[in-house]
Protein chains: 2
Amino acid sequence: MPDEVFDQVLSGVVDGELAPGEALPSERRLAEVLGVSRPAVREALQRMAQTRLLDVRHGGATTVRDFRRHAGLDLLPRLLVRGGTLVPDVARSILEARLAVGPAVAALAAERGGPTLAAALTETLDALAATDDDVERQLHALAFWDQVVDAADSMVFRLMFNSLRAAYEPALDALAPLMAAEVGQVDAYRLLTSALGSGDPETARAAADRVLRPATTQLLSALERLEEAP
Amino acid sequence: MPDEVFDQVLSGVVDGELAPGEALPSERRLAEVLGVSRPAVREALQRMAQTRLLDVRHGGATTVRDFRRHAGLDLLPRLLVRGGTLVPDVARSILEARLAVGPAVAALAAERGGPTLAAALTETLDALAATDDDVERQLHALAFWDQVVDAADSMVFRLMFNSLRAAYEPALDALAPLMAAEVGQVDAYRLLTSALGSGDPETARAAADRVLRPATTQLLSALERLEEAP
DNA sequence: GGGGACAACTGGTCTGACCTCTTGACCTCT
DNA sequence: AGAGGTCAAGAGGTCAGACCAGTTGTCCCC
């Protein structure tokens with residue numbers, strides 16, 4: 001029950017029906033209107049407040065905050081799909097971020113990975129190469145990057161990766177065909193693996209770029225066409 | 001009251017007292033042990049579940065998840081300070097991420113900013129140059145990057161920035177002296193501004209690097225010394 | 001020994017009451 | 001008439017207790 005209330009209020013906020021600064025009805029009133037108990041709406045509002053989408057003050061009114069200014073990366077999944085369909089603008093920004101961050105992570109991983117990293121990655125790649133299923137390949141690629149992020153030994157990049165994966169995984173089935181080209185380039189991945197094993201950050205950065213860029217530019221132009229003629 | 005429970009459970013999880021996979025006591029028992037009502041612990045656990053730190057199943061036990069694998073970037077503030085002091089490892093990763101992402105954002109902003117961007121940034125820089133207070137300068141620098149991120153027109157980078165700022169702002173007073181060197185380089189910021197106005201992404205990327213790198217390398221070596229001899 | 005029913009958990013939800021704090025209107029004093 | 005304080009209405013915060021709805025493990029019967 002609280003989940004439904006949370007969803008409704010969240011939709012109101014991200015869709016702009018509830019403008020920043022606007023005051024929400026009182027918890028009791030909301031409970032009455034939505035036909036649920038007050039604890040249910042209270043829990044929903046508290047969760048909204050935790051994600052910095054609402055400002056709830058004891059004794060005063062609960063007001064809407066500007067999510068564009070305060071929301072964290074964990075909101076991404078809710079912004080990526082709106083009304084059941086992908087939002088091209090947000091998808092584009094994910095691709096851009098991936099292309100910017102991936103090589104940087106690879107560079108750090110090359111510095112810190114050690115010899116065991118390449119071995120583990122090779123194993124993952126072998127599993128990837130062994131299947132023809134797009135979704136399964138996608139999962140192996142995800143595991144590959146998971147290991148790279150681990151090797152980079154960076155809490156921030158680790159949390160970023162988790163947040164991005166949380167946005168990606170729910171739509172994995174739909175996205176797998178689009179990403180099939182990238183994940184099919186096993187050669188590029190093998191080059192990246194040996195670059196990571198070599199310990200040279202710049203080589204690894206370039207190799208990661210070579211893995212990510214083709215699909216990125218391809219999908220970006222696809223998104224552009226989509227935005228022009230939906 | 002729920003906040004305190006949330007804090008306690010969260011501390012247990014991030015400090016490792018509650019291992020991943022471990023089952024929590026039932027809500028009723030927790031309420032009894034902690035001396036609070038069940039709604040209070042329920043709200044706390046639900047908020048933990050929302051941040052993917054717990055797995056709560058109807059009818060079954062509530063178990064601890066591996067936050068390193070599932071937590072999002074919004075957890076960063078809680079990981080940056082542990083027991084009242086900065087965690088060097090996490091601080092290092094923030095600096096690294098900043099150095100990697102900042103120039104990428106600047107490149108996008110240069111492509112999309114338009115002529116109004118440089119004018120707005122110049123105004124912010126004038127305000128920065130006009131004050132001698134470290135904290136105030138820090139806030140102006142934050143506003144500067146806020147405008148750059150806006151110009152980059154990327155939802156992912158916007159949310160990343162929000163999350164990083166949420167980790168940074170609470171410790172701003174303590175961090176301002178450390179960052180004073182960077183924020184004092186008004187010339188480098190002015191160069192970045194004109195690069196952003198020129199519309200050339202690579203020039204902007206290089207200029208952003210020149211702004212961020214000096215303080216980054218300086219602080220990184222300071223952190224290294226700190227970790228060797230705490 | 002295997003399979004199904006039941007009982008003892010778990011979390012999920014609601015009602016209704018009481019507390020504390022904010023807010024704004026109203027009244028008083030200047 | 002305006003500035004100040006007072007107070008009541010209404011906001012969120014918390015609790016107790018009850019009941020619903022799933023899961024799980026045991027125990028009994030076949």
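Each chain gets a letter, A, B and so on, in the order its sequence line appears, and its residues count up from 1. Because only heavy atoms are used, hydrogens play no part in the values below, and waters and symmetry mates are left out as well, while side chains stay in.
Across all strands, Q46(B) comes closer than 4.0 Å only to sugar-phosphate atoms, never to a base (heavy-atom distances). Counting non-hydrogen atoms under 4.0 angstrom, P2(A) reaches the backbone sugars and phosphates but no base. Residue contacts for R28(B): at a heavy-atom cut-off of 4.0 Å it reaches a base atom on one of the strands shown.
Residue A61(B) is the one, among D3(A) and A61(B), whose nearest nucleotide of DNA chain C lies closer to the 5' end (criterion: closest heavy atom). For S37(A) and G60(B), each mapped to the nucleotide of DNA chain C holding its nearest heavy atom, the one lying further toward the 5' end belongs to G60(B). Sequence order on DNA chain D of the closest nucleotides to P39(A) and T62(A) puts T62(A) first from the 5' end.
Atom CG of D55(A) is separated from atom P of dA11(D) by 17 Å (rounded to the nearest Å). Residue M1(A) contributes atom CE, which lies 10 Å from atom P of dT15(C) at whole-angstrom precision. When the P atom of dG10(D) is taken as reference, atom CD of E32(A) falls 14 Å away, rounded to whole Å. The distance between atom CD of E43(A) and atom C1' of dG12(D), rounded to the nearest whole Å, is 16 Å. Separating the CG atom of L45(A) from the P atom of dT14(D) is a distance of 14 Å, rounded to the nearest angstrom. If you measure from atom CD of E27(B) to atom C1' of dT13(C), you get 11 Å, rounded to the nearest angstrom. Whole-Å rounding puts the R57(A) CZ to dT22(C) C1' distance at 9 Å. Remark: P of dA11(D) and CG of L54(A) are 16 Å apart, rounded to the nearest angstrom.
Surrounding CD of E123(B) are at most 12 heavy atoms belonging to other residues, nucleotides or ligands under 6.0 Å away.
Looking at R112(A), its side chain never comes within 3.5 Å of a backbone N or O of D150(A) through a donor-acceptor pair. In this structure a side-chain-to-backbone donor-acceptor pair under 3.5 Å is present from R137(A) to T131(A).
Under 4.0 Å is where a charged nitrogen must lie from a carboxylate oxygen, and between R47(B) and D3(B) at least one such pair does. Of the charged side-chain nitrogens involved, at least one lies within less than 4.0 Å of a carboxylate oxygen, so that R42(B) and E43(A) count as a salt-bridged pair.
Contact annotation: side chain of H58(B) to base of dG22(D), donor-acceptor pair absent below 3.5 Å. Below the 3.5 angstrom threshold, one finds a donor paired with an acceptor across the side chain of R38(A) and the base of dG13(D).
For dT10(C), the OP1/OP2 oxygens have a side-chain nitrogen or oxygen of S26(B) closer than 4.0 Å. For R29(B) and dT10(C), the shortest distance from a side-chain N or O to OP1 or OP2 is not below 4.0 Å.
Figure legend. dT30(C) is base-paired to dA1(D); pairs are counted as Watson-Crick or G-U wobble with both atom distances under 3.5 Å.
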